[in-house]
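What follows is a set of notes on a single structure, which appears directly below.
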Amino acid sequence: MSTQMISNLIALPYEIARRPVAAVGERLPETVANRVGLALGSADKVAGALLRNPALTRRGGEEIDRASRFLEATRLEEEAERKREQAQETAAATRSEAAAKRASAQERAADGLEDADAVEARGKQEAERRADEAAARKKAAAAKRAAARKTAAEQRRQSAESAADAKQKSAQRRATAQLDDAREDQRSAQETRAEADQLDELVDAKKGERRQR
């Protein structure tokens with residue numbers, strides 16, 4: 001029995017205990033499911049180290065990497081949404097300021113200031129222009145940063161998946177080579193046993209000839 005088979009047998013109770021948790025995680029909302037995946041990945045790495053099972057360790061690392069990328073992308077999206085809300089609040093505050101200026105201008109007009117209407121109109125237009133420009137700049141910058149981070153996260157995910165596929169294929173090739181070696185060893189052993197049997201028969205025949213003489 002190979003070392004890998006022994007390692008897999010030792011890890012079997014852990015795999016059985018892990019399956020219900022993984023099944024529950026698959027039915028949870030995506031964000032919660034990825035947090036469960038992060039915990040399972042950490043458990044896989046610890047179990048792989050304790051059981052000396054590289055496959056478990058590798059699976060744990062891949063699960064942690066995938067879940068971390070998803071959670072990071074979610075965090076960036078939430079951050080972008082928070083910044084959009086802040087921009088909207090800033091715009092609302094600016095509009096409130098403009099409204100306050102309008103009220104002040106109206107009070108001055110009541111006192112007989114002839115240019116109150118012109119001052120109020122200019123103040124309103126300028127305040128709205130600044131608010132709109134500031135909100136547009138912040139929204140565009142936040143969207144650009146979120147898109148860049150999401151693109152980078154997707155590229156890292158694709159790179160990690162490619163690396164995982166390459167590792168899996170390499171492991172399959174090694175397993176196939178080991179199986180071929182085992183078959184070759186078995187074939188050699190059978191040939192050696194057959195030669196030994198032929199030699200025994202030859203020796204027995206020689207002994208029979210000597211007895212007849």
Notebook entry, point to check: Is it true that E97 and R130 make a salt bridge, defined as a side-chain N closer than 4.0 Å to a carboxylate O?
Noted result: no
Checklist line | Salt-bridge present (E77, K150; N to O < 4.0 Å) | finding: yes
Check: Can you tell me how far the CD atom of E81 sits from the CD atom of Q86, to the nearest 0.5 Å?
Finding: 11.0 Å
Note to self: As an exercise, state the distance from CZ of R84 to CD of E79, rounded to the nearest 0.5 Å.
What the structure shows: 11.0 Å
Check: Yes or no on side chain to side chain contact (heavy atoms under 4.5 Å, CB included) for Q106 and E120, after CA distance, side-chain angles and deciding distance?
Finding: CA-CA 8 Å; Q106 290 171 356; E120 185 256 345; 5.5 Å; no
Check: Should we say atom NZ of K83 is surrounded by more than 12 heavy atoms from elsewhere, each under 6.0 Å from it?
Finding: yes
Next item on the list: For side chain to side chain contact (heavy atoms under 4.5 Å, CB included), just list the numbers for E195 and L199, CA-CA rounded to whole Å, side-chain angles, deciding distance to a tenth of an Å, and then say yes or no.
Entry: CA-CA 6 Å; E195 291 174 356; L199 183 60; over 6 Å; no
Notebook entry, point to check: Charged N to carboxylate O under 4.0 angstrom, R129 versus E133?
Noted result: yes
Item checked: Verify same cluster id: V36, I64 (apolar side-chain graph, 4.5 Å) -> no
Check: CD of Q125 to CZ of R122: how many Å apart, nearest 0.5 Å?
Finding: 9.0 Å
Checklist line | Close side-chain approach of R75 to L71, heavy-atom, < 4.5 Å | finding: no
Next item on the list: Return the minimal non-hydrogen interatomic distance between G37 and A67, and the atom names on each side.
Entry: C-CB, 4.3 Å
Notebook entry, point to check: Between the main-chain N or O of A166 and the side-chain N or O of S170, is there a donor-acceptor pair closer than 3.5 Å?
Noted result: no
Item checked: Donor on one side chain, acceptor on other, R35 and T31, under 3.5 Å -> no
Check: Which heavy-atom pair separates A142 from A80 by the least distance, and what is that distance?
Finding: O-CB, 4.4 Å
Next item on the list: Before giving the answer on side chain to side chain contact (heavy atoms under 4.5 Å, CB included), spell out for E78 and R82 the whole-Å C-alpha distance, their side-chain angles and the decisive distance to 0.1 Å.
Entry: CA-CA 6 Å; E78 291 173 351; R82 179 178 59 79; over 6 Å; no
Note to self: Rounded at 0.5 Å granularity, tell me how far CD in E154 sits from OG in S159.
What the structure shows: 11.5 Å
Margin query: Side-chain heavy atoms nearer than 4.5 Å, only ILVMFWY residues, links allowed to pass through others: does that put L38 and F70 together?
Written below: yes
Margin query: One thing to verify: whether E62 and R66 come together as a salt bridge, which I'm taking to mean a side-chain N less than 4.0 angstrom from a carboxylate O.
Written below: no
Notebook entry, point to check: Rounded to the nearest 0.5 Å, what separation is found between the CD atom of Q190 and the CG atom of D185?
Noted result: 11.5 Å
Margin query: Can you tell me how far apart OG1 (T176) and CD (Q172) are? Round to the nearest 0.5 Å.
Written below: 7.0 Å
Item checked: Heavy-atom closest pair, residues K45 and G61 -> CG-N, 3.6 Å
Check: Side chain of S104, backbone of A100: donor and acceptor closer than 3.5 Å?
Finding: no
